[in-house]
Protein chains: 2
Amino acid sequence: MATPTTTRQRRRGHDPESVLSIAVGVFNERGYDGTSMEDLARALGVTKSAIYYHVPGKEQLLGRALDRALDGLSEMVADERAASGPAIERLEWVVRQSVRILVDRLPYVTLLLRVRGNSRTEQVALERRREFDAFISHLVKEAAAEGSIRPDVDPALVTRLLFGTVNSIADWYQPSRGASSDDVADALLKMAFTGLRV
Amino acid sequence: MATPTTTRQRRRGHDPESVLSIAVGVFNERGYDGTSMEDLARALGVTKSAIYYHVPGKEQLLGRALDRALDGLSEMVADERAASGPAIERLEWVVRQSVRILVDRLPYVTLLLRVRGNSRTEQVALERRREFDAFISHLVKEAAAEGSIRPDVDPALVTRLLFGTVNSIADWYQPSRGASSDDVADALLKMAFTGLRV
DNA sequence: TTGTCAACTGACCGAATGTTCGGTAAACAC
DNA sequence: GTGTTTACCGAACATTCGGTCAGTTGACAA
């Protein structure tokens, strides 16, 4: 009766989760298309065929990774704090949350940001990402319409620059350097909202 | 005596230059590793083997493209305007020039920004790019030391955010949308230097 | 001790990859 | 017209690719 189907002590080895997290690491190092199943096998310490015991294939591995990134963004968009209040405050909240998601799910979001649309899996992910971008774009326009953003720059340009900055974090952020998600978000918001110059 | 070795009217076809520019376009659409020589051949309207009449191979095509981007950045760093005057003004000039180079050589710089280091060619390019990054990093530190940048953000973080923003332009800029290099640089400098909020 | 089963190996498959090569048609030089 | 050069094609090359499958191993239950 005790622990009938529970996960007891496994005799060391992989599971779908460990395969995914290691695979995503390699995808980010070499690029998805630049990564062979042989590369993954080497990183996992097993042979190629062992991978297929845990996951259906390379593209499904990518799909699961992209979903992790996109699910985070979807949850944020659905949050009440993204829907009510002054647009500029919602924008600030969304920027801060975006940075948090990017940092928390760094490898998954990094992968998402590099997707080009070379397969159905990638195209589906790009489509979900475009929905997020449209949400942001709308939010910036609202903030501009409410007079909270300087009127001498096109809101569309503001959107791209602001979230270009957020997304660029994926290119350099390393948790080992000590800066937390909030540290980065604070610096980003200071720069973008009130400016760097003294 | 007239036009002995000059380029006269070619009977339409490709040359190394046209192959390069079309190839770089495809590389940016699908990613370098995601692009096959067959893909390039299709885009060029010839067979795979015809490509090898004009260029030595796929990797050399990449190398030439990356050099175009890096040469632009090297020229800028060597310019006198990057060396003398208040650091904050040099920084502003370098940001503006970086945007100009990125826009002028958009496909080449875009390619450079996506290089992961999967081959010797890519590693050499990454090394040159790191030199540029070090130059920028030093410049920001100077501006901070001169008291021109708000002291409550780490200069290293400022460097990454500022040039993360510049580099992110490659992800969305389309000349057909009408914005010039200076338009983008103006908006970027307004945001980063004096802030978006009214 | 035997049987079960999760986790894996090694040999292999067909397709796709980057590249080479022998040949060739059209444009040009003379 | 003849010879040369330019720009290409089609077939083949070795290699690598993602993926399959029949078997093996070792921990564990009975």
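Throughout, a chain's letter reflects where its sequence line sits, starting with A, and its residues are numbered from 1.
- Put simply, CE on M37(B) is 23 Å from P on dA15(C), counting in whole angstrom units.
- DNA chain C is contacted by V46(A), T47(A), S49(A), A50(A), Y53(A), H54(A) of residues 44-65 of chain A, taking any non-hydrogen atom closer than 4.0 Å.
- Pairs passing the ring-ring contact (aromatic ring centres under 6.0 Å, His included) check and including a residue from residues 167-197 of chain A, sequence neighbours excluded, do not occur.
- The ring pair (Phe, Tyr, Trp, His ring centres under 6.0 Å) test applied to F27(A) returns Y32(A), not counting sequence neighbours.
- If you check residues 28-36 of chain B against DNA chain C, the residues with a heavy atom closer than 4.0 Å are T35(B), S36(B), listed by number.
- In this structure, the CD atom of E38(A) is 11 Å from the P atom of dT9(C), given to the nearest Å.
- With sequence neighbours excluded, the residues that form a salt bridge (Lys or Arg N to Asp or Glu O under 4.0 Å) with D182(A) are R96(A).
- Scanning for side chain to side chain donor-acceptor pair (under 3.5 Å) contacts around E127(A) gives R130(A), with sequence neighbours left out.
- Legend: salt bridge (Lys or Arg N to Asp or Glu O under 4.0 Å) pairs involving residues 42-64 of chain B, not counting sequence neighbours, sorted by first then second residue: D39(B)-R42(B).
- Within residues 19-27 of chain A, no residue has any heavy atom under 4.0 Å from DNA chain C.
- Applying the salt bridge (Lys or Arg N to Asp or Glu O under 4.0 Å) test to residues at least two apart or on different chains, the pairs with a partner in residues 188-198 of chain B are E92(A)-R197(B), D152(A)-K190(B).
- In terms of the salt bridge (Lys or Arg N to Asp or Glu O under 4.0 Å) criterion, residue partners of E142(B) (sequence neighbours excluded) are, by chain and number, R90(B).
- Rounding to the nearest 0.5 Å gives a distance of 9.0 Å between OG1 of T165(B) and CG of L162(A).
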When the side chains of residues 68-77 of chain A are checked against the rest of the protein, which donor-acceptor pairs come out under 3.5 Å, sequence neighbours left out?
from: R68(A); atom 1: NH1; to: E17(A); atom 2: OE1; distance (Å): 3.4
from: R68(A); atom 1: NH1; to: E17(A); atom 2: OE2; distance (Å): 3.2
from: R68(A); atom 1: NH2; to: E17(A); atom 2: OE1; distance (Å): 2.7
from: D71(A); atom 1: OD1; to: R128(A); atom 2: NH1; distance (Å): 3.3
from: D71(A); atom 1: OD1; to: R128(A); atom 2: NH2; distance (Å): 3.0
from: S74(A); atom 1: OG; to: L70(A); atom 2: O; distance (Å): 3.0
from: S74(A); atom 1: OG; to: R128(A); atom 2: NH2; distance (Å): 3.0

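- Take D171(B) and apply the salt bridge (Lys or Arg N to Asp or Glu O under 4.0 Å) test, not counting sequence neighbours, and it matches R114(B).
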